[in-house]
Amino acid sequence: MGSERTEKPTRFSTVSITAAQAPLRGRLRLPGDKSLSIRRALLTLFTDHDTTLENYGSGEDCLTALYCLKQLGKSIERSGARALIKGRFENRHAALDCRNSGTTARLLMGILSGIEGEWVLSGDESLSSRPMARVAAPLREMGAAIELTNGRLPARIRGGTLKPIRYDAPVASAQVKSAVLLAGLSGGARIEYREPFPSRAHTENLLGLKTDKDGWLRLTENAHAPSGTDLSGTVPGDPSSAAFWGVAAALIPDSELILENVLTDSSRCGWIDVLKSSGADIQADNETQVYFESVGDIICRSSRLNPIQISQALVPSVIDEIPILAVAATRAEGISRMKGLSELRVKESDRLTQIEKHLSAMNAKIESHRDELRIQGPTELRGSVIDSQQDHRIAMAFAIAGLSATGITEIHSADCAAISYTEFWEDLVKLSPGSLHKYEN
Ligand code: S3P
């Protein structure tokens, strides 16, 4: 197989960005969606049949999922953006390093809980600081033996047949929801699951489940995972990566971008609705349905923005796009408010603190109060030094801020963009030649 796993990368590269000298124009194809790539890959643990995933996500998190599958006995062949997953899940004792990938760690915790065996899951420094008790709690209630380290990774899991659960989740998290549904699938247990606000629905879509009118999802004890043939196919482009260019096009005068073949499912594209309601010229076109998810082209043009309003109920549908939407809000005319953002504190970094600190340094008028952000625009952003703290979405959001700022924006640990979007800097050079000034290793 290709290098689906490299040694732990040292991240110390710095890039400098200056303002875009010309409108951003053209078409862009984005690598496969991270959430769907990881889900479809992990679901191959339930089948011995070959699965071919085209446009498999190129980011490190997606490669981490493949690496874990390999540790569990699967064989992986990669060629370009194609991943061919074959063989049997046969290792019943394994140590799995999930590196930076919360989705891999949490979904695996669910799957492995329902299978006889013993596994240890670990992660890098950032993943080892993120909460895992939210996943372990329902799985323990189902009978899985899970030992965490102060509520975090490393985790030791002893799995087996599981008991049914009816779980009214305290937090809207697609990772927790997916872990419980997948534990039901592997452990043969009936699941009833409800979340406070709808989070991305990919796992239930893959399993053919729908919420009832009261918001409950139900998986029966003899539910089947999709077959290798059903899982095979093309992964649509990642809307969370597309969002950086959607905002860049909105902010840079006379821009027009067409982002092709992107997942446009509403549980992921809250950012399009949010931008549209603040007056942005953005729309999805040519939409088709693939596996209960809509896929289409996103057309975005520069526009004057009104304030951005995000309520708590909307947050799960824009959870990964808050950093780039906060950048957009600095250019909106009036006060933007984003509420219910506490989950941002437990992402790859404390994103709420990072957004406030870096946007203030760039001259924005921004205040945070508990889990809320208030941004008064429009302000002209000024270049600053941004330490991304190896958080990919912070590095990319502030690169876009740099494209619409005066002066030089220097981004430290810039190569962490590769966690979700390996081609980001290349695409930036393509769309805004002359803006990326140095790339040092
Ligand atoms: C994801 C769910 C979200 C999101 C993450 C990917 C998923 O996390 O932030 O990038 O694929 O299920 P939470 O479920 O913790 O909100």
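Start at 1 and go down the list; that is how both ligands and their atoms are numbered. It should be emphasised that the depicted structure is a prediction, and the values quoted were computed from it without experimental measurement.
- For residues 310-323, the side chain to side chain donor-acceptor pair (under 3.5 Å) pairs, not counting sequence neighbours, are Arg200-Asp320, Ser240-Glu321.
- Those atoms of ligand 1 that come under 4.0 Å of a heavy atom in Ser173, given as number and element, are 13 (P), 14 (O), 15 (O).
- In the candidate list Lys347, Glu348, Arg268, Lys347 is nearest to atom 8 (O) of ligand 1, counting heavy atoms.
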**Item:** Test log, rule salt bridge (charged side-chain N to carboxylate O under 4.0 Å, His left out), inputs Asp238 and Lys34
**Value:** CA-CA 7 Å; Asp238 194 325; Lys34 176 159 84 80; over 6 Å; no

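- Of all protein heavy atoms, the one lying nearest to atom 11 (O) of ligand 1 is Ser35 OG, 2.7 Å.
- Looking only at protein heavy atoms, the nearest one to atom 10 (O) of ligand 1 is Asp320 OD2, 2.8 Å.
- Around CG of Asp212, the count of heavy atoms belonging to other residues, nucleotides or ligands within 6.0 Å exceeds 12.
- The proximity of Arg200 to ligand 1, defined as any non-hydrogen pair under 4.0 Å, is limited to the side chain.
- Of the protein's non-hydrogen atoms, the one nearest atom 1 (C) of ligand 1 is Gln175 NE2, 3.5 Å.
- Closest heavy-atom approach to atom 7 (C) of ligand 1 within the set Arg39, His202, Lys34: this belongs to Arg39.
- Listed by first and then second residue, the side chain to side chain donor-acceptor pair (under 3.5 Å) pairs involving residues 107-120 are Glu118-Arg156 (not counting sequence neighbours).
- The aromatic rings of Phe424 and Trp245 lie parallel to each other, their planes meeting at an angle below 30°, with 60° marking the opposite boundary.
- Atoms of ligand 1 lying under 4.0 Å from any heavy atom of Ile319, numbered from 1 in the order shown and given with element: 9 (O).
- Within a 6.0 Å radius of CZ in Arg92, other residues, nucleotides and ligands contribute more than 12 heavy atoms.
- Test Thr44, Thr229, Leu84 against Asp50 for side chain to side chain contact (heavy atoms under 4.5 Å, CB included) and you get one pass: Leu84.
- An N or O contact shorter than 3.5 Å is missing between Val176 and ligand 1 by distance.
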